[in-house]
Amino acid sequence: MKYRISRAAFMTALLTSAAMPATAEQVFNRIASFPVAANLPADKEKSTATSAEIIAATEDGNTLVYSDSPLGAIGFVDISDARAPKAGGALMMDGEPTSVAVAGGKALVAVNTSESYAKPSGRLAIVDIASKTVETSCDLGGQPDSVAISADKSFAAIAIENERDEEINDGKLPQMPAGDLAIVSLKDGAAHCATMKHVTLTGLAEVGGEDPEPEFVAINGRGEIALTLQENNHVVIVDGKTGAVTSHFSAGTVDLEGIDTKSDGALNFTGKKAGVKREPDAVKWLDDDRLVVANEGDYEGGSRSFTIFDKTGKVLFESGPALEREIAAIGHFPDKRAKSKGVELEGLEAATFGGEKYFFVLSERASVVGVYKDTGAEPELVQILPSGIGPEGAVAIPGRNLFVTANETDLVEDGGARSHVMLYELAEGEAAYPTIRSETIDGNPVGWGALSGLVGDAEKAGQLYAVNDSFYGMQPRIFTIDATAKPARITNALAVTRNGEPAQKLDMEGITLDGEGGFWLASEGNSAKLLPHALYHVNAKGEIKEEIALPAELLKGETRFGLEGVTRVGTGDETVLWMVVQREWKDDEKGTVKLLSYKPESKEWGAVRYPLDKTEAGWVGLSEITAHSDHLYVVERDNQIGDQAKIKKLYRVAIADLKPATIGGALPTVAKEEVHDFVPDLKAATNGYVVDKLEGFTFDAAGTAYAVTDNDGVGGSSGETLFFPVDLKGTN
C-alpha cells in the first residue's frame with residue numbers, strides 16, 4: 001500500500017505565506033479546532049463533560065450539527081469562516097442523542113430514552129436548524145444508534161440497536177429484545193411518523209442470529225441501505241423503498257501478521273493473530289455497488305482493519321494491519337490497546353473532491369484519520385491526519401473543500417484536553433503532519449512515542465538523539481533522528497540495556513553526549529513506583545556502565561517530580577553535568593526549583609536555585625536543559641493546554657554566573673533571560689490546540705535549535721508529536 005507524506009519544510013511552510021506553484025499537489029491540512037465546551041449552556045458548570053460524536057453539516061456547508069451524549073444535547077458550530085469557527089449553542093434533547101443527520105433545514109436526531117437495557121426506547125426528533133427548536137418526534141420503539149438520509153431526501157433509515165448489557169453473563173448474546181431497522185418517509189426534511197416501518201433482522205447472522213444488534217447505516221444512490229450488525233459480525237443490504245432484505249453476509253475473519261499483541265510497555269510489530277472476526281462498526285458506500293466497513297470489533301473480534309465488499313459479500317480489498325503499522329510509524333500506536341483491538345478503526349466518511357474520490361478512516365484509539373484515494377481497486381493511503389482524542393464521526397463538505405471530525409473524549413476530570421471538533425481544508429500545499437516518523441527496519445516499523453529529551457550530535461548537523469520515558473518502561477531506547485528529512489526521520493533505535501537485557505526501572509527524561517561516543521541519561525524517578533532518581537552513563541552500544549544515585553541529602557526533600565533534563569559543560573576532567581529538577585521539592589523556596597551540578601571526576605554534587613514564572617492555573621516547572629555556547633538553555637512550561645496554556649518558554653542562564661553551592665545549605669539564585677516563547681509555534685504548528693508537554697530542546701552541530709513535544713504514549717492524549725526547528729534569530 002502506498003503512503004505519501006510531504007517533503008516540505010515544516011515550520012517554513014506553516015509560518016510563511018509564500019505562494020505555492022501551480023503544480024502543487026492537493027493535501028488536507030487542519031485549519032481550525034473548536035472546543036465543544038464553548039457550547040455549554042450558561043446554566044452549566046464549565047467543568048461539565050461534553051462530547052462531539054456524530055456530526056453533520058447543513059446543505060450550504062456553513063453550520064455543523066453534532067450529537068453530545070454526555071450533555072444530552074445537540075450542538076451547533078458556525079463555520080461560515082472555517083478558519084474561525086464560532087459557538088452556535090446547544091439544544092437539550094431530553095434524552096441521549098446518539099446520532100444526527102441533516103435534510104434541508106432540518107436535523108434528524110436519534111435520541112435514546114431507554115429505561116434500561118431490558119426496556120429500550122427512543123425517538124427520532126426533528127429539529128428546525130434555523131430556530132433551534134424541536135418540531136416533532138417519532139417513536140422508534142427501541143434504542144437508536146445511527147441515522148442516515150437517502151440521497152434524494154425521501155426517507156431516513158435508523159439502526160435500532162437495543163444494545164446488550166456487558167455486565168450480564170459477560171455480555172454474551174442473546175440479550176433481548178432484538179434490534180431492527182426503522183425506515184421513515186421524509187418531506188422537506190420532516191419525518192412522517194405514520195409511514196415508519198420496521199425491518200426484521202432476526203435469523204440472518206451466524207453469530208447471535210436471534211439477537212441482531214444493528215450499529216451503523218448508510219444509503220447509496222439507488223436507495224439501498226447497508227447495515228452493520230457489529231456484535232453479530234454481519235452486514236445486511238435492504239431495499240429502502242420496500243424494506244426487503246436483498247442480501248446479507250458474514251463479515252468474516254482476518255489473519256493478522258506483523259502486529260503488536262502485548263500491552264507491555266514495549267512496541268514490537270512481530271506478533272500474529274489468526275481468524276479474528278471483523279465485527280464492523282461504521283459503513284459507507286463508495287459507489288452504488290461497493291461498500292467499505294471499519295472493523296472496530298466489540299464482542300469477540302476487532303481486526304484492526306477496514307474492508308471493501310461488494311453487495312454480495314465478496315471481499316474486494318482487505319487492509320489487514322497496514323494502516324495500523326503506518327500509524328505506528330508516526331508515533332500514534334496505543335500500546336495499552338495492543339492486546340485487545342489495537343488502533344480500533346471505527347468511523348468512516350466518503351466523498352468526491354474536485355473529481356477525486358476519497359474515503360476517510362477514523363482510528364478511535366490512535367486519534368488519527370487515514371485519508372485514502374479510492375482507485376476502484378486497491379486504495380491509496382495519501383495522508384494521516386492528526387485529530388482530537390477519540391474521533392467518532394466525520395463529515396465531508398466537498399463544496400467548500402472541507403473535512404470535519406468530531407472527537408468524543410473529554411478529559412476535563414483529569415485536567416486534560418476537552419472534546420473538540422477539528423476542521424481540515426483540501427488545498428494546494430504540503431502536508432503539515434506528521435512532523436516526525438520512523439523508518440522501517442527489518443520489515444517492521446520502529447515503534448516510538450513519549451519523546452522526552454533531545455541532544456544534537458557533536459559533529460553531524462541535523463542529526464539528533466532522543467529518549468522515550470517510562471511509558472515504554474520495558475523498551476527504553478535512544479532514537480537517532482535525521483532532522484534534515486521532511487518529515488524528520490527516526491533512523492535507528494538503540495536499546496538501553498543492563499546485563500544484556502532492556503534496562504528496568506528507568507524514566508528517561510534527559511540525554512546528553514558523554515564526549516566518548518556514549519551518553520549520560522537523566523531518569524526522573526518515583527519512589528512510590530520504586531523508580532530511582534538517578535544519572536546513568538551508557539556506552540555507544542546502549543549498555544549501562546555506571547549508575548549514579550542522587551545524594552542522600554538531596555533525596556530528603558524528594559517528590560515524584562524529579563530530573564527532567566541533563567547537559568554537559570566542559571570536557572575530560574573538567575566535565576560538569578547540569579540537570580534540572582522539574583518542580584519544587586520539599587526543601588525548595590516557594591516558586592523556585594534546583595539546577596543540579598555533578599562532576600564525574602570528583603563525584604561532587606552542587607546546586608543553584610532557579611526562579612519560576614508565576615501562573616494563575618496549574619503548576620509551572622522545567623522540562624529540559626541544554627548547553628550552547630556560553631549559556632544553559634532551559635525549557636520552562638506550565639501544565640495547561642489549549643487557550644489556558646500561557647507558559648511554554650525558553651530561558652537561558654549564563655554559564656559564567658553558575659556558582660553551585662553544597663546541597664543542604666543556602667543556594668544562590670541565578671538570573672534568567674527569556675529567549676523564546678513557544679506558544680505561537682505550538683498554535684501555528686498544525687492548527688490544533690496548544691499541547692501541554694513541550695519536553696525536548698537542543699541545538700545541532702550547526703547551531704540550529706530544535707524542539708519536540710511528548711505525546712504521553714497516546715495514553716490520555718491525542719498522540720500528536722510536534723517536532724520542529726526553532727527560530728532563535730537575534731540570540732547569540
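Values below: every heavy atom of this structure, side chains too, minus hydrogens, waters and symmetry copies.
Minimum heavy-atom separation, Thr669 to Pro611: CG2-CD, 3.9 Å. The two residues Gly562 and Trp585 come nearest to each other via the heavy atoms CA-CZ2, 3.9 Å. Pairing each heavy atom of Arg477 with each of Asn468, the nearest pair is N-OD1, 3.0 Å. In this structure, Val593 and Val581 approach most closely via the heavy-atom pair CB-O, 3.7 Å.
Ser51 places a side-chain N or O within 3.5 Å of a backbone atom of Glu408 that can act as its donor or acceptor partner. Of the possible donor and acceptor atoms, none in the side chain of His537 sits under 3.5 Å from a partner among the backbone N and O of Trp520. No side-chain donor-acceptor contact under 3.5 Å links Glu695 to the backbone of Glu624. Of the possible polar contacts, none joining the His676 side chain to the Leu650 backbone as a donor-acceptor pair under 3.5 Å is found. In terms of modelled atom types and a separation under 3.5 Å, the side chain of Thr567 and the main chain of Ala627 share a donor-acceptor contact. At least one donor-acceptor pair under 3.5 Å links the side chain of Tyr433 to the backbone N or O of Thr721. Here the side chain of Ser629 pairs no donor or acceptor atom with the backbone of His631 at under 3.5 angstrom. A donor-acceptor distance shorter than 3.5 angstrom exists from the side chain of Arg568 to the backbone of Leu513, with no hydrogens or angles considered.
The environment of Asp587 atom CG is dense: over 12 non-hydrogen atoms of other residues, nucleotides or ligands sit within 6.0 angstrom. Heavy atoms from other residues, nucleotides or ligands lying under 6.0 Å from NZ of Lys603 number more than 12. Applying the 6.0 Å contact sphere to CG of Asn539 captures more than 12 heavy atoms from other residues, nucleotides or ligands. Within a 6.0 Å sphere centred on CZ of Arg609, other residues, nucleotides and ligands contribute more than 12 heavy atoms.
No side-chain heavy atom of Val446 sits under 4.5 Å from any side-chain heavy atom of Asn492. Contact annotation: the side chain of Leu577 never approaches that of Leu596 to less than 4.5 Å [non-hydrogen atoms, C-beta and beyond]. Residues Phe519 and Val566 have side chains not in contact (no heavy-atom distance under 4.5 Å, counting atoms from C-beta outward). Taking the side chain as every heavy atom from C-beta outward, Trp619 and Leu612 never approach each other to under 4.5 Å. Looking at heavy atoms from C-beta onward, Val708 lies out of side-chain contact with Leu464 at the 4.5 angstrom threshold. Within the 4.5 Å cutoff, side-chain heavy atoms of Thr709 are placed close to those of Leu694.
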Less than 3.5 Å apart, which donor and acceptor atoms pair up between the side chains of residues 450-458 and the rest of the protein, not counting sequence neighbours?
from, atom 1, to, atom 2, distance (Å)
Ser452, OG, Val467, O, 3.4
Ser452, OG, Met508, O, 2.7
Asp457, OD1, Tyr465, OH, 2.6
Asp457, OD2, Glu459, N, 2.9
Asp457, OD2, Lys460, N, 2.8

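Between Glu430 and Lys486, no side-chain nitrogen of the basic residue sits less than 4.0 Å from a carboxylate oxygen of the acidic one, so the salt-bridge criterion is not met. Salt bridge status for Glu674 with Lys672: absent, with no side-chain N to carboxylate O gap under 4.0 Å. Glu564 and Arg583 are not joined by a salt bridge, as no carboxylate oxygen comes within less than 4.0 angstrom of a charged side-chain nitrogen. A salt bridge between Asp677 and Lys649 is absent, with no side-chain N of the basic residue lying under 4.0 Å from a carboxylate O of the acidic one.
Using a 30° and 60° split on the angle between ring planes, His628 and Phe699 fall in the parallel class, below 30°. Ring geometry, Phe333 versus Phe269: the interplanar angle exceeds 60°, so the pair is classed perpendicular (tilted spans 30 to 60°).
Looking at Ser717 and Asn711, their side chains never bring a donor and an acceptor atom within 3.5 Å of each other. A donor-acceptor contact closer than 3.5 angstrom links the side chains of Tyr610 and Glu636. With no hydrogens or angles considered, a side-chain donor-acceptor pair links Arg30 and Thr686 at under 3.5 Å.
Here Lys529 pairs with Asn526, Leu531 under the side-chain contact (heavy atoms from CB on, under 4.5 Å) rule; sequence neighbours left out.
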#### Entry: Intermediate values then yes/no, side-chain hydrogen bond (donor to acceptor under 3.5 Å, both in side chains), Thr50 and Asp410
CA-CA 6 Å; Thr50 64; Asp410 190 331; 3.1 Å; yes
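Under the salt bridge (Lys or Arg N to Asp or Glu O under 4.0 Å) rule, Lys693 has a single partner from Asp638, Asp469, Asp712, which is Asp712. Partner of Asn407 under the side chain to side chain donor-acceptor pair (under 3.5 Å) criterion, chosen from Ser387, Ser419, Ser33: Ser387.
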